[in-house]
Amino acid sequence: MTNERYNAGETEPRWQRVWDEQAIFKTRNDDSRPKYYVLEMFPYPSGRIHIGHVRNYTLGDVIARYRRAQGYNVLHPMGWDAFGLPAENAAIERKIAPKAWTYDNIAAMKKQLQTMGLSLDWSREFATCDPSYYKHQQKLFLDFLKAGLAEREKRKVNWDPVDMTVLANEQVIDGRGWRSGAPVELRELTQWVFKITTYAQELLDALDTLDRWPDKVRTMQRNWIGRSEGLLVRFALETATTPGNEAEVEVFTTRPDTLFGAKFIAVSPDHPLAGAAAEKNPALASFIDDCRRTGTAQAAIDTAEKQGFDTGIKAVHPLDPSWTLPVYVANFVLMDYGTGAIFGCPAHDQRDLDFVNKYGLGNIPVVCPEGQDPTTFVITATAYDGDGRMINSRFLDGKTIAEAREEIAKRLETAKLDNRPVGQRQVNFRLRDWGISRQRYWGCPIPVIHCPTCDVVPVPEKDLPVVLPDDVSFDKPGNALDHHPTWKHVTCPKCGGKALRETDTMDTFVDSSWYFARFTDPWNENAPTTRTVVDRLMPVDQYIGGVEHAILHLLYARFFTRAMKATGHIVFDEPFAGQYTQGMVVHETYKKPDGGWASPDEVKIEISGNDRHGTLLSTGEVVTIGSIEKMSKSKRNTVDPDDIIATYGADTARWFMLSDSPPDRDVIWSEEGVKGASRFVQRLWRLANESAEIAKSAPSTRPVTFGPDALALRKAAHGALDKVSGGIDKMHFNVCLANIREFASTLADTLARPGTPSPDLAWAIGEAAIILIQLFSPMMPHLAEECWVALGQSGLVSEAAWPKIEPELLVEDTITLPVQVNGKKRADVTVARNATNGEIEAAVLALDEVKRVLDGAAPRKIIVVPQRIVNVVA
Ligand code: ANZ
Ligand code: ZN
């Protein structure tokens, strides 16, 4: 028996080499077995793996290894989401070329990943900044362009006048650019957009079919798509009050039922009516300018104080010609939603209520909650947006909201203004087309040429890829591609005249919208996908990543898959059959006496009873143990995967990641927890060796019968096998780990019994050890290989078939029945499940409780209700 401690530092690289040399994780595209595609969201090459990556890839690896053992042809690839701003920032701050910075980071991170023992097919690796990848992305762009799925659109964008770039809404902070701090301007620019709205309804409907997606993610997507059914309503204007004889304004409403509660009309600062009125009214013009400074971010608009400007224009109520409403320009009405104009019903919309309360317009409640007295129901500071019955609404009074909505729609559809219907039903989506133009160097070039004669000319396919130049400088703000002396100057492919390349590059979300399809055949130089391969290996069976990508990335990928289908590159609509959002890795925080933060590796934690206390390793000063928070550089509560793996080994880190919390919850990283995992590794190693020693003396063929001890152990083994298999299927990994621990204890107890085990028990111990090793092999693959050898098994456990459950060992073979005497429950009896009535009666009569009641007399009758109950009639 070995007394040696398990040495992860020695074994882990050794097994990684063996797997690598035998190329056992390489997936063959011509493998005819059923496929299983496991994918973790690919990393951005920031330079270092962080602990969140460790969790993400461990989760995926458990599934990949388990499915492989089950006989699937598993595809488990890895690559790099390599374009983006940090590379340009590094170039500016450290004078390193974005390309060199990116590929250096990739090399460093790949080394780190390889120490984790992940069962990845590295032969498929690519980075999205490889021209051999983005070439095909440019081809997809051209195909989308032909299919009408990409087009140019004039758009209002946030423009940073110092950095000379468009900013995403998230990059505008308090109206200023996040880097430059300069006040952001709204500019109208021509941008390339992908027509995601073409699929709005389909993207919404198909969410119902994604039954292996978390409900919360589907809900977030539904809300983002934001379908509303409403009514377009045309309000006549009193032309005497309008700047240029405008006769009407059209609004979009989802609450036509509230029309009798209307108090005002409001139009967006960008609405033509506002523009026309402003021309005659300088005060209004300057109000509109102020509004524009808020930027385009929804959050900024939502939180800004509601402000309006009364234009003096009067609108006529569509159901009462004698009723006029003031027309305001208001900062909370967006031009790019609905018609850019609304009617305000303050009693039932909080924004409208805030607005009237500011401008003294009052409110009339028109929906009364059930159980409220309509004569006394008033609204003051809080709008009521719940259910109820109509009040103060003439012919609608007493109706439900739904009935009133229908009634108004019907009436306004038939009512006429200027010979056309006043009302028209309409479905609106919040979803906007996807603007992909970025004024950035480090991205995929948009493959078009602008010719003064021919306008926009697609780059001919034979000229793809349009490659980024390497010789760029970042000494001026703005787009380095645009500043390049020669790159953009080309001849027009159509007329041969002088022309300019598009210097905008694609949003990096484009790069991650189809990489999963490219992984199926990254070697195809001629096309983005190989149909015979992609149609068989897609969709991804299990996708895993952070919840921060629940909306945009997943939605863009779902759109892209449809657009690729429409252009003949794939047969599927939905890229991810199963989707899982993992929780974060969190850690407690430590505050030093001087108020600064201490990192976990600077602190020594001591535990006495329930009390934990920490001191600084360097000075012995006491630190305050603070709250548990997401790991962040600012709080310094991070742990470095390299350190963990160097100290404890990858298996320990992997095991700990899976052990304490369900994968979709946050997991608290703690030194104690990792130490516990490390002790368990040693325990398993001892168990495997002790079992191996006994298994040596076991009969080589399976015994025909098993005694009670052997049977009990076999039941524990197959029970654990059953539970862990089911648990991995459901991704209940923490429960699986608990089952494995429990089973390991049972095996340890069996081994601890005094005396030499009988041959059948020795055989059962060998079987149990093999099952145990296989059960933890997806989580701790290196340890499993080492134990596999110790047990004298041939081949690699990474390639072994998942053990077969013997179902008869799962059946409880005894049954416990309640025993009544004269209708009163006296006892329980435990008998063999297949016991005869005679055997059951004998067992019942032998019970002390029954003997006492019968007091020596024979029962008159015993009635056995099979599997249910036994009645004794005394
Ligand atoms: C009158 C009304 C009364 C409204 C009421 C709501 C409650 P969703 O569900 O998001 O589609 N709206 C319409 N266009 C707008 C725009 N461009 N900018 C800002 N708000 C706009 O929201 C539709 C509702 O949002 C519409 O219904 C309209 O206000 C407002 F008790 O009309 B409602
Ligand atoms: Zn031309």
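Just so you know, ligand 1 is whichever comes first in the structure, and atom 1 is the first atom listed for that ligand.
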For atom 3 (C) of ligand 1, the protein heavy atom that lies nearest, with its residue and separation
T258 OG1, 3.3 Å
Within a 6.0 Å radius of atom NZ on K154, are there more than 12 heavy atoms belonging to other residues, nucleotides or ligands?
no
Test your reading of the structure: does Y337 have an N or O sitting under 3.5 Å from an N or O of ligand 1?
yes
With atoms numbered from 1 as shown, which atoms in ligand 1 lie under 4.0 angstrom from a non-hydrogen atom of C345?
3 (C)
How far is atom 19 (C) of ligand 1 from its nearest protein heavy atom, and which residue and atom is that?
F332 O, 3.5 Å
Can you say whether the rings of F260 and H317 are parallel (under 30°), tilted (30 to 60°) or perpendicular (over 60°)?
parallel
Check the angle between the aromatic planes of F235 and F343 and answer parallel, tilted or perpendicular using the 30° and 60° thresholds.
tilted
Is R222 paired with D208 through a side-chain N to carboxylate O contact shorter than 4.0 Å?
yes
Protein residue, atom and distance nearest to atom 10 (O) of ligand 1, heavy-atom basis:
R430 NH2, 2.7 Å
Have H348 and D257 got a donor and an acceptor in their side chains that come within less than 3.5 Å?
no
Side chain, backbone, both or neither: which part of F343 has a heavy atom under 4.0 Å from ligand 1?
both
Option among V472, V466, D482 that satisfies the side-chain contact (heavy atoms from CB on, under 4.5 Å) test with W487:
V466
Would you say the rings of F144 and F560 are close, in the sense that their centroids are separated by under 6.0 Å?
yes
I want to confirm something. Looking only at heavy atoms, which of R255, E229, H271, R351 is nearest to atom 25 (O) of ligand 1?
R351
Going by the closest heavy atom to atom 14 (N) of ligand 1, which one wins out of V427, I342, D349?
I342
Can you report which non-hydrogen protein atom sits closest to atom 33 (B) of ligand 1, along with the distance?
T253 OG1, 3.6 Å
Please write down residue, atom name and distance for the protein heavy atom closest to atom 24 (C) of ligand 1.
T254 OG1, 3.7 Å
With the Zn ion (ligand 2) at the apex, how many degrees lie between SG of C492 and SG of C454, rounded to 10 degrees?
110°
Looking at D270, L334, V251, D257, the heavy atom closest to atom 17 (N) of ligand 1 belongs to L334
Protein heavy-atom partner closest to atom 28 (C) of ligand 1 - residue, atom, separation in Å
F252 O, 3.6 Å
Between F355 and Y328, is the ring centre distance below 6.0 Å?
yes
Are the aromatic rings of F141 and W192 close, with centres under 6.0 Å apart?
yes
In ligand 1, the atoms that come under 4.0 Å of a heavy atom of H348 are 5 (C), 7 (C), 31 (F)
Contact between S228 and ligand 1, counting heavy atoms under 4.0 Å?
yes
In terms of relative ring orientation, are F194 and F559 parallel, tilted or perpendicular, with 30° and 60° separating the classes?
tilted
Does V333 come within less than 4.0 Å of ligand 1, judged by its heavy atoms?
yes
